[in-house]
Amino acid sequence: MNKKGILVVVSGFSGAGKGTLMKRLVEKYDKYALSISATTRQPRTGEEHGREYFFMNTQAFEQLIDQDELIEYAKYVDNYYGTPKAYVEEQLNAGRDVILEIEIQGALKVKAKLPETVLLFITPPSAEELEKRLVGRGTETMEVIKSRLRRANEEAEGITGYDYVLINDDLEECVDEMHGIIQGEHCATVRNSDFIEKISNELKGIMKGE
Ligand code: ADP
Ligand code: 5GP
């Protein structure tokens with residue numbers, strides 16, 4: 001059996017509920033490793049260095065790029081965001097499913113590099129609900145909210161490039177759906193080539209002894 005973990009990329013409009021969903025997923029199912037990204041954006045109230053992100057200045061971020069320590073990186077609304085390589089590789093090799101919560105350009109770069117990655121897109125049930133959640137979160141100015149909605153408008157065109165779309169209406173239902181998709185992926189034939197070869201050889205062996 002292939003014991004390596006599955007790499008899952010989660011994207012979705014800002015305010016769709018990705019952070020809320022991830023938090024609930026790891027609380028409910030104690031089996032996922034969440035990658036922590038590096039970013040040059042300022043921490044929001046309540047965010048901690050090393051928990052939500054590794055917050056750093058542009059110079060430090062560019063050093064990570066130069067030293068090839070990121071799986072991917074992208075610029076999103078004037079800030080850099082990137083995925084540190086070491087943790088992801090270590091967790092996948094240990095057999096844990098790893099979740100990256102990253103935007104669409106980064107997601108497509110990961111899929112191009114590692115085609116067995118599962119891409120999930122999270123969306124609220126409507127555009128009106130998205131705006132309501134962004135305003136309700138109360139962490140951005142109206143100007144930043146407008147630029148995030150503009151960005152959402154562009155991102156909507158990329159949804160069909162994802163493997164799955166998840167509508168985050170009822171949070172618990174969405175968490176369970178996400179868990180079901182990832183666990184189902186463990187049974188994909190491409191992820192079980194070693195087992196398929198093993199059982200085929202065993203059957204050949206039995207036939208020889210007939
Ligand atoms: P993202 O990480 O995608 O930017 P957040 O997780 O910060 O989004 O969620 C944005 C806002 O929407 C938060 O105030 C959060 O409490 C709320 N929210 C998340 N999921 C739901 C849901 N299923 N129903 C209603 N509100 C939600
Ligand atoms: P936020 O500022 O709301 O935390 O994140 C803004 C966007 O950056 C979100 O769409 C989030 O998924 C994305 N993001 C977070 N970390 C990374 C990363 O490591 N790489 C890329 N490409 N995007 C990221």
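We use all heavy atoms of the structure for the numbers below, so side chains are in, but hydrogens, waters and symmetry mates are not. Ligands are counted one by one from 1 in listed order, and the atoms in each one are counted from 1 as well. In what follows, residues are counted from 1 in the order of the sequence shown.
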Any N/O pair [X]/ligand 2 closer than 3.5 Å:
X    : result
G82  : yes
Y81  : yes
R148 : yes
T83  : yes
S14  : no

Atoms of ligand 2, numbered as shown, that sit under 4.0 Å from any heavy atom of R41: 1 (P), 2 (O), 4 (O)
Ligand-side contact atoms (ligand 2) for residue partner S37, heavy atom cut-off under 4.0 Å: 16 (N), 17 (C), 18 (C), 19 (O)
Salt bridge (Lys or Arg N to Asp or Glu O under 4.0 Å) between D78 and R41, intermediate numbers included: CA-CA 8 Å; D78 298 335; R41 92 148 155 71; over 6 Å; no
Ring pair (Phe, Tyr, Trp, His ring centres under 6.0 Å) evaluation trace for F61 with F54: CA-CA 10 Å; F61 194 98; F54 295 108; over 10 Å; no
Under 3.5 Å, is there a donor on one side chain and an acceptor on the other for [X] and [Y]?
X    : Y    : value
N79  : T40  : yes
D176 : Y29  : yes
S11  : E103 : no
N192 : H186 : no

Y164/E185 under side-chain hydrogen bond (donor to acceptor under 3.5 Å, both in side chains): CA gap, chis, key distance, verdict: CA-CA 12 Å; Y164 298 92; E185 280 286 333; 2.9 Å; yes
Among all protein heavy atoms in this structure, tell me which lies nearest to [atom], with the distance rounded to 0.1 Å.
atom                    : answer
atom 23 (N) of ligand 2 : E103 N, 3.1 Å
atom 2 (O) of ligand 1  : G19 N, 2.9 Å
atom 20 (N) of ligand 2 : E72 OE2, 2.7 Å
atom 17 (C) of ligand 1 : R133 CD, 4.1 Å
atom 21 (C) of ligand 2 : I102 CB, 3.4 Å
atom 10 (C) of ligand 1 : G15 O, 3.6 Å
atom 8 (O) of ligand 1  : G17 N, 3.1 Å
atom 7 (O) of ligand 1  : R137 NH1, 2.8 Å
atom 15 (C) of ligand 1 : T20 OG1, 3.7 Å

Under-4.0 Å heavy-atom contact with ligand 1, by part of D169 that carries it: backbone
Non-hydrogen atom of Y53 closer than 4.0 Å to ligand 2: yes
E52 touching ligand 2 at heavy-atom level, < 4.0 angstrom: no
Identity of the nearest option to atom 9 (C) of ligand 2, non-hydrogen atoms only, from Q105, E101, R137, E140: E101
Salt bridge (Lys or Arg N to Asp or Glu O under 4.0 Å) assessment of E155 paired with R151: CA-CA 6 Å; E155 285 175 340; R151 175 72 184 228; 3.5 Å; yes
Within 6.0 angstrom of E27 CD, more than 12 heavy atoms from elsewhere: yes
Ligand 1 N/O within reach of G136 N/O, cut-off under 3.5 Å: no
N168 N/O to ligand 1 N/O under 3.5 Å: yes
Hphob cluster co-occupancy, V144 + F13, side-chain heavy atoms under 4.5 angstrom: no
Face-on cation placement of K109 at Y73 ring, 6.0 Å and 45° thresholds: yes
Contact with ligand 1 for G12, non-hydrogen, under 4.0 angstrom: no
